[in-house]
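Note sheet for the following structure.
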Amino acid sequence: MAEVTILIDGKPTIVSAGSSLFEALGSDKRFLAAKVNGQLRDLALAVQAGDDVVGIDLVSPDGLAILRHSTAHVMAQAVQEIYPEAILGIGPPITDGFYYDFGNVAPFTPESLELIEKKMREIINAQQKFIRRVVTEKQAQVELKKEPFKLELVSIKGAPTDDIMEVGGSELTIYDNVDRNGKTIWCDLCRGPHIAHTGMIKAFKLMKTSAAYWRGNEKNPSVQRIYGTAWPTKEELNDYLHRLAEAEKRDHRKLGVELDLFSFPEEIGSGLAVFHPKGGIIRRAMEDYSRSRHESAGYEFVYTPHITKSNLFETSGHLQWYADGMYPPMRVDEERNEDGSIKRAGADYYLKPMNCPFHNLIYRSRGRSYRELPLRLFEFGSVYRYEKSGVIHGLTRVRGMTQDDAHIYCTRDQMPGELKSLLNFVLSLLRDYGLDDFYLELSTRNPEKSIGSDSDWQEATAALQAAAEASGLKLVPDPGGAAFYGPKFSVQAKDAIGRTWQMSTIQVDFQLPQRFELEYQADDGSRQQPIMIHRALFGSVERFIGVLTEHYAGAFPPWLAPTQVVCIPVADTFNDYLDLISSKLCSLGVRVEVDKSDERMQKKIRKAQQQKIPFMLIAGEVDQASNAVSFRYRDGTQVNGVAIDEAIRIILDAIKNRSQV
């Protein structure tokens, strides 16, 4: 029998000619697909001499995507068996799941999803095989004549449509679902690959339905979309569903209302938040601590206006590269004659989307010496970005935000050390706010959306990578993800339920100093251009508060809590006693209230717990007689007979140490 040589995980391997990928990989059932010469392929395909083969297992990102896309096919088959009139759209994998779009069908109901799930289990138990079949465009048009959406996809075969798994590449393929007797039960146009058979689907659930537009274009017909999720095991599915339930309980939009922190009045506009007094306390505490840390680290505070003439953003390049994310200009100072002709030309003013051009003007306002560098400018600067209405989400995606924006100007020699100290500073501050599980993402140049020389980009990228590696954190590449002016790394932080949030960003910029003609006098008397480092620690204050609200489920650590202590009298006769304790706490800077409402003590305790207040000091006759309180935590733990001075010490220590209780 003839043999061929292929690479498996980079190692030359001799296999029989005509062997399937499954056989070439040793018939290892861990693998559900393979990557061949960089392309995902079904295990049933035959190897060719020289192929570079890597097995794809179920727990890998590619493996999970294939499992979920295959589950989407099973769902589509189930829908058409129950609703024969339904026409097929697309069914891609998405983060943690999949969806499939259907036309010519009434909106699905929760009862519909139960029926579809039941039918899916029948298909899964039947262990139908996914069989790949190459077809011509004409054959596809004949087979899919009752599927208008699929016919549209056939017409774009070969286009760069990586977001549509039905087509792409040089050929069209249809996947047949074949039963144990070899009979084709159902088929779908698809690029693939797929799992070997439906029985490999072990854990799935249909989650929700929604209306959508075909291929996301509002000019196209409306479709009904079903979302689902699939996981390798039932345990992983249950863990995911538990995380979703936790995320729902922690939703900062809901907690913001319940805890009276912030709101989004319709009168102001979408994506524009107002902070209520309690939310304002959290925000002030965050900002005050950040300011003190920045002052200790040698930053200088600046302030800049909210609007500017257009020429500033023409110089910076934002109008060329970022105009879609900016609010439209305001035309001001224009004067016209009676006949409508322009008497005095006006100017376009823009709400600022970034602070960096303003900081460059501050740097450029006078001559600079190398002795001043590194110069670290810092601002809590309000910026405005015209986010599309469909992506606005509470505080985590807004149109008006305050960035804790720093720009560091340094020499080339200072840049590596500055990046390392910057990253350590950022991580230290994030830990103080209660986040401590990080990895880094390195975003590199997109040649089609960037300015500057290759050598500048290479030097900047290398410096960032060195700083990231020195931190000891995991570094994940993000090819092409950099801003137009320079590469960056971002700190990705996991919250209490394991979700990842992008937090701080650090960017190296050779371009804006050139565009603004920034200089400093070097020690040899020459004029040199500084390196500019952009750094946002929170990203935006609003978003960071949203993240922390969900991370803590609204139960903020005492140093951030709007009300740190509530004093609860057993009866009104003990109000004066608790007033004295409250006054002492107030004099020490503690945010404290005395609940003198007419409600019963137990209801006051429940109210304090619902408001997630860290500490309750309860006093009755025995407590007053012994100059003590009953010390209660928000989780219900209570210690009776705690001396007043000891209670105050516990409270002050928790606030000072920024510890959670």
Side-chain angles (χ1 to χ4, degrees), residues 255-256 258-262 275-289 291-292 432-434 545 548-549 552-661:
L255 290 170
E258 292 174 357
L259 302 178
D260 193 21
L261 303 179
F262 51 81
F275 282 82
H276 301 188
K278 290 182 179 180
I281 290 172
I282 296 171
R283 180 168 179 155
R284 191 184 70 232
M286 283 175 48
E287 292 180 357
D288 286 351
Y289 181 66
R291 282 190 182 93
S292 68
D432 285 345
Y433 290 102
I545 290 175
L548 286 189
T549 301
Y552 289 118
F556 293 96
W559 76 283
L560 288 174
T563 302
Q564 295 166 324
V565 181
V566 62
C567 298
I568 300 174
V570 172
D572 290 348
T573 53
F574 305 106
N575 286 349
D576 291 345
Y577 175 65
L578 286 173
D579 278 339
L580 291 172
I581 298 173
S582 173
S583 295
K584 189 169 184 179
L585 285 167
C586 278
S587 70
L588 295 168
V590 178
R591 298 186 288 271
V592 57
E593 298 174 358
V594 180
D595 189 342
K596 298 180 182 180
S597 66
D598 293 333
E599 295 167 341
R600 297 177 62 187
M601 181 187 72
Q602 290 302 326
K603 191 169 183 180
K604 292 179 181 181
I605 291 172
R606 284 196 300 274
K607 179 183 174 183
Q609 287 179 311
Q610 288 169 352
Q611 288 296 299
K612 303 182 187 291
I613 296 171
F615 305 113
M616 286 161 264
L617 302 184
I618 304 168
E621 184 177 354
V622 174
D623 298 299
Q624 183 170 337
S626 57
N627 209 29
V629 293
S630 292
F631 195 101
R632 187 180 180 93
Y633 295 86
R634 62 181 156 208
D635 67 357
T637 304
Q638 182 168 316
V639 182
N640 297 326
V642 178
I644 292 174
D645 288 346
E646 175 63 10
I648 291 174
R649 184 194 65 77
I650 293 170
I651 293 165
L652 292 178
D653 283 351
I655 294 170
K656 178 182 177 182
N657 297 326
R658 295 179 298 280
S659 56
Q660 180 61 299
V661 298

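Along the sequence shown, the residues carry numbers beginning at 1.
With sequence neighbours excluded, no residue satisfies salt bridge (charged side-chain N to carboxylate O under 4.0 Å, His left out) with Lys607. With sequence neighbours excluded, the residues that form a side chain to side chain contact (heavy atoms under 4.5 Å, CB included) with Leu588 are Ile648, Leu652. For the side chain to side chain contact (heavy atoms under 4.5 Å, CB included) test, residues two or more places apart in sequence or in another chain that qualify with Ser597 are Asp595, Glu599, Lys604. Legend: residues meeting salt bridge (charged side-chain N to carboxylate O under 4.0 Å, His left out) with Arg606, ordered by chain and number and at least two apart, are absent. Scanning for salt bridge (charged side-chain N to carboxylate O under 4.0 Å, His left out) contacts around Arg600 gives an empty result, with sequence neighbours left out.
Taken to the nearest 0.5 Å, the CD1 atom of Ile568 stands 7.5 Å off from the CD1 atom of Ile613. Rounding to the nearest 0.5 angstrom, the gap separating the CG atom in Asp579 from the SG atom in Cys586 is 10.0 Å. Here the CD atom belonging to Gln610 is positioned 10.0 Å from the CG atom belonging to Leu259, to the nearest 0.5 angstrom. Interatomic distance, CG of Leu560 versus OH of Tyr433, reported as 7.5 Å (0.5 Å rounding). Between the CZ atom in Arg658 and the CG atom in Asp432 there is a gap of 4.0 Å [rounded to 0.5 Å].
Atom NZ of Lys603 sits in a sparse spot, with 12 or fewer heavy atoms from other residues, nucleotides or ligands closer than 6.0 Å.
Each side-chain hydrogen bond (donor to acceptor under 3.5 Å, both in side chains) pair with one or both residues in residues 635-645, not counting sequence neighbours, appears once here: Lys584-Asp645, Ser630-Asn640, Arg632-Gln638, Asp635-Thr637, Gln638-Asn640. Listed by first then second residue, pairs satisfying ring pair (Phe, Tyr, Trp, His ring centres under 6.0 Å) with a partner in residues 565-610 number zero, not counting sequence neighbours. Sorted by first then second residue, the ring pair (Phe, Tyr, Trp, His ring centres under 6.0 Å) pairs that include residues 639-659, not counting sequence neighbours, number zero. For the side-chain hydrogen bond (donor to acceptor under 3.5 Å, both in side chains) condition, the pairs that include at least one residue of residues 275-287, sequence neighbours left out, are Asp260-His276, Ser263-His276, Lys278-Gln611, Arg283-Glu287, Arg283-Thr402, Arg283-Glu542. Residue pairs meeting the side-chain hydrogen bond (donor to acceptor under 3.5 Å, both in side chains) criterion with at least one member in residues 552-568, sequence neighbours excluded, are Thr563-Glu593. Sequence neighbours left out, the pairs with a member in residues 629-649 that pass ring pair (Phe, Tyr, Trp, His ring centres under 6.0 Å) are Phe615-Phe631, Phe615-Tyr633, Phe631-Tyr633.
Closest approach of Ala647 to Val629, counting heavy atoms only: CB-CG2, 4.0 Å. Among all heavy-atom pairs drawn from Ile281 and Ala561, the shortest one is CG2-O, 4.3 Å. Nearest heavy atoms, Pro569 versus Leu578: N-CD1, 3.3 Å.
In this structure, the side chains of Leu261 and Pro562 come closer than 4.5 Å at one or more pairs of heavy atoms. Looking at heavy atoms from C-beta onward, Gln660 lies in side-chain contact with Pro558 at the 4.5 angstrom threshold.
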| request: Decide salt bridge (Lys or Arg N to Asp or Glu O under 4.0 Å) for Lys656 and Asp653; before the verdict, give the C-alpha distance in whole Å, the side-chain angles of both, and the deciding distance to 0.1 Å. | output: CA-CA 5 Å; Lys656 178 182 177 182; Asp653 283 351; over 6 Å; no
Going by atom type alone, with no hydrogens or angles, which donor-acceptor pairs under 3.5 Å involve a side-chain atom of residues 616-626 and a protein atom two or more places apart or on another chain?
residue	atom	partner	partner atom	Å
Asp623	OD2	Gly620	N	3.0
Ser626	OG	Val622	O	2.9
Ser626	OG	Asp623	O	3.4

